[in-house]
Each structure stands twice: as structure tokens, then as C-alpha cells.
Amino acid sequence: MGLLLGIESSCDETAASVVKDGCDVLSSVVASQDELHLEYGGVVPEIASRAHLERILPVVQEAIKKAHVLLEDIDAIAVGNQPGLIGSLLVGVTAAKTLAWMLGKPLIAVDHVVAHLWAPNLSGASIEYPALGIVVSGGHTSLLLLEDPTTLTCIGKTVDDAAGEAFDKAASILQLGWPGGQRIDTASTKGNPVHTLPRPKTKGTRPDFSFSGLKTALLYGVRGNPKKVNGSMVFPHSAADLNDQEINDWACSFQHAVVDSIMNGVLNALSNNTVQCVVAGGGVLANSLLRTNLEAISSQFHIPVHLPQSTYCVDNAAMIAGLGYHLFMNGQHESLSITASPRGIAS
Ligand code: KG4
Ligand code: ZN
């Protein structure tokens with residue numbers, strides 16, 4: 001009674017996965033759309049939903065095949081139905097509903113952001129509650145107090161850009177390409193944090209984040225202060241004027257500023273709340289500096305820190321099937337009238 005098919009299509013990854021008993025990944029197939037959005041420097045919602053339509057069935061078939069099971073062996077179907085791009089989400093939700101109806105199996109709706117915090121379980125973590133959950137992705141930067149895997153309170157979040165979005169914009173300013181996070185990370189390993197960039201703080205005592213000003217500070221640092229010429233803003237320099245070492249130094253300085261901001265929020269949250277462990281998830285958890293800093297918390301606060309392995313940082317369906325199993329075991333499933341929502345429970 002523990003074989004779940006997970007389906008994920010909230011942004012620009014079409015993914016399906018078969019997971020046994022919530023943690024044992026039998027297959028995890030992710031079809032990335034990076035090449036389709038590359039020339040636009042960001043995800044184009046209409047292109048994403050059309051690509052999901054083309055890919056969803058082959059991806060599900062591949063996940064079933066790689067798991068060496070039959071569709072009929074699946075006990076329940078879990079789908080990420082929120083938050084995300086509505087057109088993209090609807091493709092996965094419709095596929096999941098159709099399969100659930102066709103096979104006569106329960107349908108389980110999973111919140112994508114909360115599922116990111118299940119990802120460490122896929123590599124053998126044993127999460128104890130209450131836990132501090134840290135979600136850092138392309139769409140979210142949130143601190144969550146978790147009573148159990150799905151009961152949570154948001155205690156801090158970004159008031160403007162998400163950290164992943166800030167990495168992507170920084171890579172664009174430095175002309176490193178898209179998606180930017182991995183490129184900034186790689187450039188940083190060859191650079192030094194020689195530039196002083198702000199660690200923006202929000203008003204009040206809540207551990208909220210803000211990355212928009214930091215991005216502007218990088219823009220002005222790299223390209224100089226803009227002047228208005230004939231009604232439009234013109235920058236005196238371009239990233240093309242910089243040599244490789246200068247680009248790497250800016251990337252490294254930016255990465256340090258983002259990671260310091262995240263860590264300030266995390267330390268604030270840990271100082272004001274008693275938790276059994278820290279659990280983190282989301283695409284930005286692939287970042288080497290963030291991982292090192294989060295791992296260091298363990299000895300400082302004497303609590304375990306559970307990070308996802310790199311395969312399960314970015315969007316995937318194994319985390320959906322995993323959290324889906326937890327909900328399934330708690331008797332939660334949906335009628336075929338469920339739909340998708342751009343907003344989730346953690347935002
Ligand atoms: O979780 P995810 O796949 O999608 C959302 O749910 O938003 O996260 C994607 C984000 C992108 O913004 C990407 O640039 C960022 O994760 N990312 C990284 C790294 N790898 C991916 N950011 C910083 N360092 C990395 N190594
Ligand atoms: Zn995500």
C-alpha cells in the first residue's frame with residue numbers, strides 16, 4: 001500500500017517519479033525546459049505550459065518503466081497542485097486526475113513548497129518535529145516553523161525577489177547566462193568577495209528577507225551610476241568591459257551577500273524558536289556556500305541539519321510522491337474536482 005506516482009509541473013520542469021513508502025525512490029524523471037526559455041532569460045509561462053503538455057505523458061511512462069512497475073501497481077497518485085504558474089500546474093493536475101480516474105486510485109494534492117522540505121527524507125534523513133524549515137528557490141525564500149511535515153507557520157519570507165530569482169538576475173547583469181544560480185556558484189569558486197555589497201534588512205524583528213536592493217547594488221557596482229539620456233537610462237559601463245577575474249569577484253561578492261542575508265534570517269529564527277532540527281529545500285540549496293553555512297549551524301546549535309542531496313534540490317516529482325505518501329497514510333485524498341492554485345500554504 002505504499003507505491004506512489006508523483007507528478008510535478010509547477011514551473012518549467014516536467015517531472016514524474018515512483019516512490020515506495022515515502023522515501024525509497026524507484027524512479028525520478030525530470031524533463032527540464034531550460035533550452036526553451038534560454039533566449040528570454042527567464043521562464044515564459046505560455047511556452048512552459050505548452051511544453052508540459054507535450055512532455056507529461058512520455059515523462060510519466062518513463063518513470064513507470066524505470067521503476068520496473070506497472071501503472072496498475074500504483075496505490076495512489078500525488079500531484080503538486082500549488083503554488084506555481086497556473087497554466088503549468090493545470091497540465092500536471094489534469095494528467096493526475098485522469099490517471100486517478102482511469103486506474104480507480106486515490107488522488108493526493110501536494111503543496112510544492114512544503115514538498116521541497118520532504119526532499120531530505122529521500123536520502124535517508126530522519127526529521128524530528130518541531131523543525132525549522134528553510135525553503136530557498138526560484139520563487140520562494142521562506143522560514144517555516146513545522147509542527148509536522150504539513151502543519152506550518154510562516155515566520156519569515158522575502159518581501160520582494162526570491163533568492164533564486166536574485167541569483168538569476170545577478171547572472172544576467174554579469175552576462176553569465178540563464179539559469180543563473182549554478183553559473184554564479186561556479187564563477188564564485190574562482191573569485192574573491194572583494195566588493196562590499198549590502199546585506200539588506202527589513203523593518204521590524206521578523207526574519208524577513210529582501211534581495212531587490214542587493215541586485216540593484218550589483219547592477220550599479222558593475223555598470224556604474226546610470227544617467228538619463230533622451231528619456232532613457234544609460235549606464236556608463238557594461239559587464240562586457242570586465243575581465244574573467246573581475247566577473248568572478250563580483251559573482252563571489254554577490255553570492256556572499258545573498259548567503260549572509262539568508263543566514264542572518266536563519267540565525268534569528270533559531271534564536272527565537274526551539275526546534276529539534278533544521279530542514280531545508282529548494283533549488284538554491286544546490287549552492288555550495290549556502291550548504292556549508294547551513295551545515296555549520298549543526299555544531300553551533302547542537303541540532304541536526306537536513307539538506308537534500310543535489311538531485312532533489314531543484315524541482316522534482318520524488319518529493320511530491322514522498323510527501324503525498326505521508327498525506328495518504330494520514331487518510332487525506334481529494335475528489336476529482338480539485339484544481340490548481342497559484343498560491344500555496346507557505347506563502
Ligand atoms: O526549486 P527550483 O527548481 O524552482 C522553484 O521552485 O522556484 O529552484 C530554481 C532556482 C533558480 O533560480 C536557480 O538559479 C537556483 O534555483 N539555483 C541555484 C543553484 N542551482 C540552482 N542558486 C544558487 N546556487 C546554485 N548552485
Ligand atoms: Zn520548487
Side-chain angles (χ1 to χ4, degrees), residues 6-17 28-60 63 78-96 109-119 135-142 157-158 160-169 171-172 177-184 211 280-287 308 310-324 339-347:
I7 294 179
E8 153 64 31
S9 68
S10 65
C11 189
D12 62 335
E13 268 92 19
T14 320
S17 168
S28 177
V29 178
V30 181
S32 158
Q33 300 178 7
D34 285 356
E35 78 288 357
L36 298 180
H37 304 284
L38 190 65
E39 68 174 292
Y40 305 100
V43 177
V44 182
E46 181 64 15
I47 293 177
S49 48
R50 282 171 190 268
H52 283 307
L53 263 180
E54 286 165 11
R55 294 164 188 215
I56 192 80
L57 292 180
V59 164
V60 168
V79 62
N81 75 321
Q82 61 174 40
L85 301 172
I86 193 71
S88 292
L89 286 164
L90 281 169
V91 176
V93 168
T94 307
V110 174
D111 185 285
H112 173 93
V113 171
V114 183
H116 268 302
L117 297 179
W118 186 269
V135 180
V136 195
S137 71
H140 291 81
T141 306
S142 304
K157 63 179 180 176
T158 182
D160 40 54
D161 293 349
E165 195 179 353
F167 271 111
D168 292 334
K169 287 177 179 168
S172 162
W178 182 88
Q182 180 57 53
R183 291 162 202 250
I184 294 272
F211 296 107
V284 182
L285 263 298
N287 187 270
S310 57
T311 341
Y312 302 123
C313 288
V314 284
D315 290 349
N316 65 85
M319 65 185 195
I320 302 288
L323 185 58
T339 188
S341 164
R343 292 188 68 80
I345 60 173
S347 51

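All residue numbers in this chain count up from 1 along the given sequence.
Scanning for ring pair (Phe, Tyr, Trp, His ring centres under 6.0 Å) contacts around His52 gives an empty result, with sequence neighbours left out. Asp161 meets the salt bridge (Lys or Arg N to Asp or Glu O under 4.0 Å) test with Lys169, Lys215; sequence neighbours excluded. The side chain to side chain contact (heavy atoms under 4.5 Å, CB included) check on Ile184 picks up Phe167, Ala170, Ala171, Leu174, Leu176, Ser188, Ala251, Gln255, with sequence neighbours excluded. Partners of Asp12 by side chain to side chain donor-acceptor pair (under 3.5 Å), not counting sequence neighbours: none found.
Pairing each heavy atom of Ala78 with each of Val110, the nearest pair is CB-CG2, 4.1 Å. Here the closest non-hydrogen pair linking His37 and Val44 is ND1-N, 3.1 Å. Across Gly344 and Pro83, no two heavy atoms sit closer than the pair N-CB, 3.4 Å. Listed here is the closest heavy atom pair of Asp168 and Pro179: OD1-C, 3.7 Å. Counting all heavy atoms, side chain and backbone alike, Ala63 lies closest to Ser17 at CB-N, 4.0 Å. Shortest non-hydrogen contact noted between Leu89 and Ala340 is CB-CB, 3.6 Å.
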request  = Show your working on side-chain contact (heavy atoms from CB on, under 4.5 Å) between Leu36 and Val43 and close with a plain yes or no.
outcome  = CA-CA 8 Å; Leu36 298 180; Val43 177; over 6 Å; no

task = With side-chain contact (heavy atoms from CB on, under 4.5 Å) as the test, would you mind laying out the steps for Thr339 and Val93 before giving the verdict?
result = CA-CA 7 Å; Thr339 188; Val93 168; 5.6 Å; no

message = Could you walk me through whether Arg50 and Glu54 satisfy the salt bridge (charged side-chain N to carboxylate O under 4.0 Å, His left out) test, starting with their C-alpha distance in whole Å, then the side-chain angles of each, then the deciding distance to 0.1 Å, before giving a yes or no?
response = CA-CA 7 Å; Arg50 282 171 190 268; Glu54 286 165 11; over 6 Å; no

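Here the side chain of Arg343 pairs no donor or acceptor atom with the backbone of Gln82 at under 3.5 angstrom. Side chain of Ser142 to backbone of Lys157: no donor-acceptor contact under 3.5 angstrom is found. Within the 3.5 Å criterion, the main-chain N or O of Ala163 finds a donor-acceptor partner in the side chain of Thr141. Ser49 places a side-chain N or O within donor-acceptor distance of the main-chain N or O of Pro45, the cut-off being under 3.5 Å. Listed for the Glu13 side chain is no donor-acceptor partner under 3.5 Å among the backbone atoms of Val30.
The distance from atom OG of Ser310 to atom CG of Asn287, rounded to the nearest 0.5 Å, is 12.5 Å. Rounded to the nearest 0.5 Å, atoms CG (Leu90) and CG (Asn81) are 9.5 Å apart.
Identified under the salt bridge (Lys or Arg N to Asp or Glu O under 4.0 Å) test for residues 34-45, with sequence neighbours left out: Glu35-Arg55.
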Donor-acceptor pairs under 3.5 angstrom involving side-chain atoms of residues 315-322: please list them, not counting sequence neighbours.
residue, atom, partner, partner atom, Å
Asp315, OD1, His112, NE2, 3.1
Asp315, OD1, His116, NE2, 3.1
Asn316, OD1, Ala318, N, 3.1
Asn316, OD1, Met319, N, 2.9
Asn316, ND2, Tyr312, O, 3.3
Asn316, ND2, Val314, O, 2.9

